[in-house]
Amino acid sequence: MNERANECCDWADMYVLGGLDAVDTVEFEAHLQTCVACQDQVQELREVVDLLPLAVEEVQPPEGMRTRILSHVLNTSKVSEDKVDASDEEHNVVEQTSNRKHGEDIQNLANEVLQVGKEVLQVEPTLSDRGGMVSAQAVETPSGSWIPARRNTRRSSLLLWRTVSVGLAAAVAGLAIYTSQLQRDVNGLTNQLTTMNQPAQGLRTNEAVQLNPQAKDIVAKGLATIVIDDKGTHLVVQAEKLPELTGNQAFQVWLIKGDVKQNAGTFLANSKGTGAVYYSFDPDEYDTVAITLEPDAMGQQPRGQIILAAPIKES
Amino acid sequence: MKEPIEDSQIMQRIRDRDQAALELLYDRYERVVYSFAYRIVNDAMAAEEVVQELFLRIWNHGERYEVTQGKLTTWMFVITRNIAVDMLRRKSVRAKETPIETEVLQQFTDETSDTELEVQRRAESDEVKQALNVLNEEQKHVIEWIYFEGLTQQEVADRHDIPLGTVKSRVRLAMKQLKRRLTNAGRREHVHE
């Protein structure tokens, strides 16, 4: 164990510069909790790395960026607050709605969208003709990004037409796809209604990764399985042959990406050293899963030794 | 002469949802964080996206910054790098290889009016550039690949066909050189060597 700790002491430079991968980062940060020498070294090295951004060549920000960013930031925070309220209400409504009612709503919505889609399709050619800029290339340019078109005063009129045309073209394409998807949903729901009395179908297993021991004296084995159901994406972490716990110790599961470590659950292994955790998450937000042995179950960030870890492969 | 408002005061006002404070902070650091983001993603639209995400986080999670953590710019640069590197990884767009010495030699073309802060920033910038200029080519490259391109040590070794141990030693020597020139502790160590 001391050898491993000494090895960790050599990682300070790479850690501060950002060159450790997620698993090593977790291990080093756990080591950092107990190594005063590394704490001092990291603090000194941080002073250096924190200065590196000042060495870059200064670049003039694009015209109108200030307005775009500030209005987006201030509007988004307002919208997201409103969304929280709305989603709460939505949630209550959905819970009170039967499957049959849900199917009818989907059907009605699909009909409405079909109607809107037809209306937009009737309008779109006129706009395309006037804008004259709708092409495959023009549609790709915004890349689905949030960034609005640049406000160049000389070209603002043309850009406005481009934006409107591209936006409408994208909207039409989106509505067509959405409508098609809704129709499939309606068909699916219809089938579901006919089989309501049948047992629920199993979860779809999207991916399973073997968790590997992260220290020489660890014999534990683990499996992280990502499953998808109608409520979202979930992580099921199972482990066996885990070290015996003492005192208030507990095992904690972490989802990691860069320096972000999300606590995905705490568990105590049974007498055979076996334990498991179930956690709902967004797979795009993390790239590594790890299990640590913690001094207690209260930690918001990893403090103990990393036992098992593995990268979550992109599906 | 009017004293500039401290960053910590601005952050307190932002935590209190003061929009004018957010604008003040934006105006103070727009150029420097945009430049840093641009240096990493090497694309104007992507750099703007990074800056937007940075200010979204500042506005919505300003409480995560504590004065005890150090300078606000340090915190902002760490977040900016995380966002930018994450974007690079997601989009698998690697910044074009720009020799770091070009960056070191280029002059600022700044036009901001916050004179006192700007003078201080330029002085720090010159000092860092001089320190980077002392590194040899190999050391500059590992700093570039890891810090500005977001590669891990293993990725640097694999991608550039360099033994992992060599990557580590180059980083260690580079950091030692920079520490010697940029921190008081490093200067003291240098004197006693």
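Side chains are part of it too, since the values below use all heavy atoms of this structure and drop only hydrogens, waters and symmetry mates. Protein chains get the first letters and strands the later ones, always in sequence-line order, with residue 1 at the start of each.
In this structure, the side chains of B:Q19 and A:L70 stay at 4.5 Å or more apart for every pair of heavy atoms. The closest side-chain heavy-atom distance from A:D21 to B:E155 is not below 4.5 Å. Counting heavy atoms from C-beta outward, B:R39 and A:V59 have side chains that stay 4.5 Å or more apart. Side-chain atoms of B:E23 and A:R66, non-hydrogen and from C-beta on, do get closer than 4.5 Å to each other. Proximity of A:V49 to B:L178: side-chain heavy atoms (C-beta onward) are nowhere separated by under 4.5 Å.
Screening B:Q153, B:M175, B:K179 for a side-chain contact (heavy atoms from CB on, under 4.5 Å) involving A:D13 leaves a single residue, B:M175.
Using a cutoff of 4.0 Å between basic side-chain nitrogens and carboxylate oxygens, A:R68 and B:E48 are scored as salt-bridged. Comment: B:D86 engages A:K257 in a salt bridge, judged by a side-chain N to carboxylate O separation of less than 4.0 angstrom.
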**OP:** Dump the intermediate steps for side-chain contact (heavy atoms from CB on, under 4.5 Å) on B:T74 and A:R46, then the final yes or no.
**Re:** CA-CA 9 Å; B:T74 298; A:R46 271 201 205 286; over 6 Å; no

**OP:** Take B:F77 and A:D50, measure what side-chain contact (heavy atoms from CB on, under 4.5 Å) needs, and give me the verdict at the end.
**Re:** CA-CA 7 Å; B:F77 286 145; A:D50 291 346; over 6 Å; no

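Other residues, nucleotides and ligands contribute more than 12 heavy atoms inside 6.0 Å of the CD atom of A:Q33. Residue-environment remark: CD (B:E6) stays at or below the threshold of 12 foreign heavy atoms within 6.0 Å. Enclosure of atom CG in B:D161 is not indicated, since only 12 or fewer non-hydrogen atoms of other residues, nucleotides or ligands lie within 6.0 angstrom.
The two atoms that bring B:K129 and A:A55 nearest to each other are CE-O, 3.6 Å, heavy atoms only. Pairing each heavy atom of A:L54 with each of B:S125, the nearest pair is O-OG, 2.8 Å. Summarising the geometry of A:V73 relative to B:Q52, their closest heavy-atom pair is CG2-O, 4.0 Å, with the distance given to 0.1 Å.
When each of A:G18, A:A12, A:G19 is scored by its heavy-atom pairs under 4.5 Å with chain B, the top score falls to A:G19. Contacts with chain B were tallied for A:L45, A:L51, A:V16; A:L51 has the most, counting heavy-atom pairs under 4.5 Å.
Residue contact with chain A, scored on non-hydrogen atoms closer than 4.5 Å, is absent for B:V156. Within the 4.5 angstrom heavy-atom criterion, atoms from both the backbone and the side chain of B:F55 approach chain A. Heavy-atom distances place the side chain of B:Y26, and not its backbone, under 4.5 Å from chain A. Heavy atoms closer than 4.5 Å to chain B are found in both the backbone and the side chain of A:L20. Neither the backbone nor the side chain of B:V33 comes within contact range of chain A, judged by heavy atoms closer than 4.5 Å.
For the atom pair OG1 of B:T152 and CE of A:M14, the computed distance is 9.0 Å after rounding to the nearest 0.5 Å. A distance of 9.0 Å separates CD in A:Q60 from OH in B:Y34, rounded to the nearest 0.5 Å.
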